[in-house]
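In what follows, a structure is listed as structure tokens, so that the remarks can point back to it.
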Amino acid sequence: MLPHYFNHLFVTGIDIYIADVLIILTSLGIVSVLTYFKKWKWLWREWLTTVDHKKIGIMYILAAFAMFFRGGMDGLMMRTQLAVPNNHFLSAQHYDEVFTTHGTIMILFMAMPMLIGLINVAMPLQIGARDVAFPYLNAISFWTFFFGAMLFNLSFVIGGSPDAGWTSYVPLAGPHFNPGPGENYYLFGLNLAGLGTLASGINFLVTVIRMRAPGMTLMRMPMFVWSTLITSILIIFAFPVLTVALSLLTFDRLFGSHIFSMTHGGMPMMWVNLFWIWGHPEVYIVILPAFGILSEIIGTFSGKKLFGYPAMVGSQITIAFLSFVVWVHHFFTMGAGAAVNSFFGVSTMLIAIPTGVKVFNWLFTMYKGKIRFNTPMLWALAFIPTFVVGGMTGVMLAIAPADYQYHNSYFLIAHFHYMLIGGTVFGVFAGLYYWWPKMFGMKLNERLGRWHFWTFMISFNLTFLPMYLVGLMGMTRRMYTYPPGLGWSHLNMLETIGAFGQGISMTFMLINIVWSFKYAERDVTGDAWDGRALEWSTTSPAPEYNFAHVPVVYSRDAFWDMKYSKNKEKYQVKEKPYRPIHMPNNSGRPFLMGFAFFISFFGFVFEWYLVGGIGLAAVFYLMFQRSFEYNTDHYISVEEIEHTEAVTGRS
Amino acid sequence: MAYPIDAHHAPVDPSVPLEYSTEDGSLKILGFWIFLAADIVLFSCLFATYIVLHNNTYGGPTAQQLFDVPGFVAETLLLLTSSFTCGLAIFEMHRNRLQPMIGWWIVTILLGMGFVAMEISEFAKYVGEGANITRSAFLSAFFILVGTHGTHVTIGIFWMIALLIQFIRYGITAVTARKAFVASLYWHFLDAVWIFIFTVVYLSGKVS
Amino acid sequence: MTTHSDVHATQDTAIAPGQPINHEKFPWKHIVGYVLSLVLTFAALGLVLSSALPLTAVIVSIVILAVLQLLVQLFLFMHLTERHGSATHILTLSFAFFVAITVVAGSAWIMTFRSSVA
């Protein structure tokens, strides 16, 4: 009794074969390098079993980079297809698959993990903590995200990619119109990654609330920590909604229920409703940490305190509330009636107020500052106008009657790429250049950084500015080709050139990373940028325990205060002897748990319930085993601390 | 920071309940409260779906025809009582009396099993009458909402059994007390969710 | 270590009212809670079975009774006010109720479009 699509388990097609070969070659390459340099044990002990927030953060960033590459390739394939009218580079079906995976991967497997990675790297250091609240759970979060992403990507070569768009609207994504395993990959991959994200949210919230250094009140926290706090709250309350929506659709597809069916009294619109109850807060989940990064960088490189700190905090809290009451603006055209559309149109426009407050605060922070134009600051500076353009067009989309014109046109595509690239991605690049020395002990090269910045900035605008225009000219989203003579052709060609420009631009970043690892000067001060928050007070990279003595905080911008304030004597740590530091043990179980989930969900994708059941049983067994584990932590001895501090010149 | 020197060996401060006596325990209890907050939102989505779909019976049985008053009242009483006995177990734990604590814990598990057994037989009865998950949107939403709660209870039972073994093995310590307290939060929470299922699904089904 | 030394970040490490937990001899709180739950449950059941009131009134009343019973669980069984450090869990729970009510009421409201379309 094989499922009906067992016959075409392995996807065929020339590009897929090329991908198969590349995947096999890359895997072989990794395996042989690891074996040749005898690095297997190192990989397991230092990385796969780690519970250290800094290493987990780096793994998040690495995985997100891989996903960035995959999603970027999808984007380039789409742009190649749309470069000229009547093109047949991709078939319609293939094009559907490519835009689906592009959107899903970029939001869920690139933007989110990239930001969660940066939070992991920087936030505990900024609050003067030695780790997050639940380090073991942190590892579980990473591995469920990682295996969720792997499961989703596996669809490309085994079974076929999902093709109903990243929003996966029913009935198109329902069992009737989409019988293959592709949509199941989407549902299970996202659900698995979603579990990890929820756990991260809880973990970060408890960390920020309960693990701050002595004296660091809420209103003394760096702004990035505030944005982490608010983002965590959004994750905690938005992700259960995604879990439910995905699970309900899974029931419809696997067990024949009728929640979202066209028949038997089902309500397809309920999917749209639930998806966006999650989807809107999700937008803020990927933008608020970027705001936080920006606030750190603009303060540091202007040499000034952040302007309007309380207003910044207030505006983020307001955004958190509002983000849960605006979701209908994603589907005004559903026709829910004048009252509903008016309410959600107005609530959406309200969000422009706190966002505007933040923009002005950044501008006033720079006002009369001594601005240093290093690469992180360049990204931050580009962020502001780009984001304002995206935001203004967002307010246009919030006007419900006008949205009937803009809805699902390229105008919308342009809008959210201005938000997600101009906002999130610029923020991520800024954060990567900024915290690179903290992660790896050296700055990235400034010259290559500027090349990366300018080529990307120009190509980005070249790609997406014309999309506003073609959108207004009537080009709709997800159309796979178009006839000549509509006035779109030249603009589309420009967009394609811009897209390839962005691709080329990314190679500058890759070259920069390789170059810097080999040749860049090592940062021995720990304070690469003359920073303001506590992460710069320890070495780069920080030792396993982060701080030999837990810092005591007396003001906002604590490290700046330590370096330059008049009363800096109070910070002089008494040369008290070190005390042993209590740290969590490494564990291989989170990795195994992620893998068991992967096996289980892979089984469910193909409706092989035996495989699914065995995998789930393994997950529960591992949880049970953990419950009986009482020896979960160890001490770092005083001698070891002394040794580490001496090596980094800090004793 | 998270791991103070005395994480698992804290001196017992009589004003602080044992489960909060270590930093680690207190962090985990807070983390679990936050998880419950997330679970509230999860159930709210299922309730929203049920409320939107509850009249879409597509010619199949309605809530009025389907639900059996003595059956769901009995389920409610089982779960309510188990929530009470779970509270008693924690009460005894706070008095540092292991034997009564274990006793009430076992009673809680048994009542929970009784609840699950009744729910399974209720579902089996409906399916036997042709009222299965594929019959109508109303039934799909009903089975998924009530079934999700039932799955939570079932997981809770396995969890409580795992903890029972640890109480017998290690007695009442800061670690086991924290574990018991967290499990009890989960159990009371499931009772609270059931009250809303009782009200929104069963009772409302009987009035309309 | 955090909260013990961290005087500014978390104002109090006190245990809220309800103590001394260890010295209570008889579980009054739990018994009161249990009796209240039973009374509330049967009151709701009685309202529905007798159905003297109009439909909307019955629904509103039983939902109010359910909310009361939720409060019984939270305060008498779940030791909601008991804490170590800040009251974060209470704030988080409040926000959860805000989101839950928004989701339920919002979905019901938005989905009424069926009647206007059909």
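Because the structure is predicted, anything quoted here is derived from the model rather than measured. Below, each value reflects all heavy atoms present in this structure, side chains not excepted, and no hydrogens, waters or symmetry copies. Quick note on labels: first sequence line is chain A, next is B, and so on, each numbered from 1.
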Check whether the ring centres of B/Phe32 and C/His89 lie less than 6.0 Å apart, and answer yes or no. no

Turns out that what part of C/Phe95 lies under 4.5 Å from chain B's heavy atoms comes down to neither

With a 4.5 angstrom heavy-atom cut-off, is it the side chain or the backbone of B/Val73 that approaches chain C, or both, or neither? side chain

To the nearest 0.5 Å, atom CG of B/Leu36 lies from atom OG1 of C/Thr92 at 11.0 Å

Can you tell if the side chain of C/Phe77 reaches within under 4.5 Å of the side chain of B/Trp187, non-hydrogen atoms only? no

Need one label for B/Thr199: side chain, backbone, both or neither, based on atoms under 4.5 Å from any heavy atom in chain C. both

Applying side-chain hydrogen bond (donor to acceptor under 3.5 Å, both in side chains) to C/Tyr34 and not counting sequence neighbours gives B/Thr81

What part of B/Phe198 is in contact with chain C, defined as an atom under 4.5 angstrom from a non-hydrogen atom: side chain, backbone, both or neither? side chain

Considering only heavy atoms, which portion of B/Ile90 lies under 4.5 Å from any heavy atom of chain C: side chain, backbone, both, or neither? side chain

Under 4.5 Å from any heavy atom of chain B, what part of C/Val72 do you find: side chain, backbone, both or neither? neither

Students often mix this up, so state it plainly: with edges at 30° and 60°, are the rings of C/His30 and B/Phe91 parallel, tilted or perpendicular? perpendicular

CG (C/Leu49) and CG (B/Leu203) are apart, to the nearest 0.5 Å, by 8.0 Å

Against chain C, label B/Val69 side chain, backbone, both or neither, depending on which of its atoms sit under 4.5 Å from a heavy atom there. side chain

Decide yes or no on side chain to side chain contact (heavy atoms under 4.5 Å, CB included) for C/Leu38 and B/Leu77, but give the supporting numbers first. CA-CA 8 Å; C/Leu38 290 177; B/Leu77 290 181; 3.6 Å; yes

Under a 4.5 Å cut-off applied to non-hydrogen side-chain atoms, are C/Val99 and B/Ser44 in contact? no

Would a 4.5 Å heavy-atom cut-off, applied to side chains only, mark C/Gln73 and B/Phe189 as touching? no

Nearest atoms (heavy-atom pairs only) where C/Met78 meets B/Trp33: O-CZ2, 3.5 Å

Heavy-atom closest contact (C/Ala96 atom, B/Ala37 atom, distance): CB-O, 3.5 Å

What part of C/Ile31 gets closer than 4.5 Å to chain B, counting heavy atoms only: side chain, backbone, both or neither? both

Engaged part of C/Leu80 at the chain B interface, taking heavy atoms whose separation is under 4.5 Å: both

Could you check whether atom CZ of B/Phe158 has more than 12 heavy atoms from other residues, nucleotides or ligands sitting under 6.0 Å from it? no

All heavy atoms of C/Ser107 vs all of B/Val52, minimum pair found to be O-CG2, 4.1 Å

State the CG-OG1 distance between C/Leu45 and B/Thr76, to the nearest 0.5 angstrom. 8.5 Å

List the steps, then state whether side chain to side chain contact (heavy atoms under 4.5 Å, CB included) holds for C/His79 with B/His188. CA-CA 10 Å; C/His79 314 262; B/His188 296 310; 5.8 Å; no

Note: vs chain B, highest number of non-hydrogen pairs under 4.5 angstrom among C/Ser37, C/Ser94, C/Gly33 is C/Ser37

CH2 of B/Trp104: more than 12 outside heavy atoms within 6.0 angstrom? no

Derivation of the side chain to side chain contact (heavy atoms under 4.5 Å, CB included) call for C/Gln69 and B/Phe196: CA-CA 9 Å; C/Gln69 205 169 327; B/Phe196 281 88; over 6 Å; no

Evaluate C/Val104 against B/Ile51 for side chain to side chain contact (heavy atoms under 4.5 Å, CB included), listing each step before the verdict. CA-CA 8 Å; C/Val104 172; B/Ile51 289 168; 3.6 Å; yes

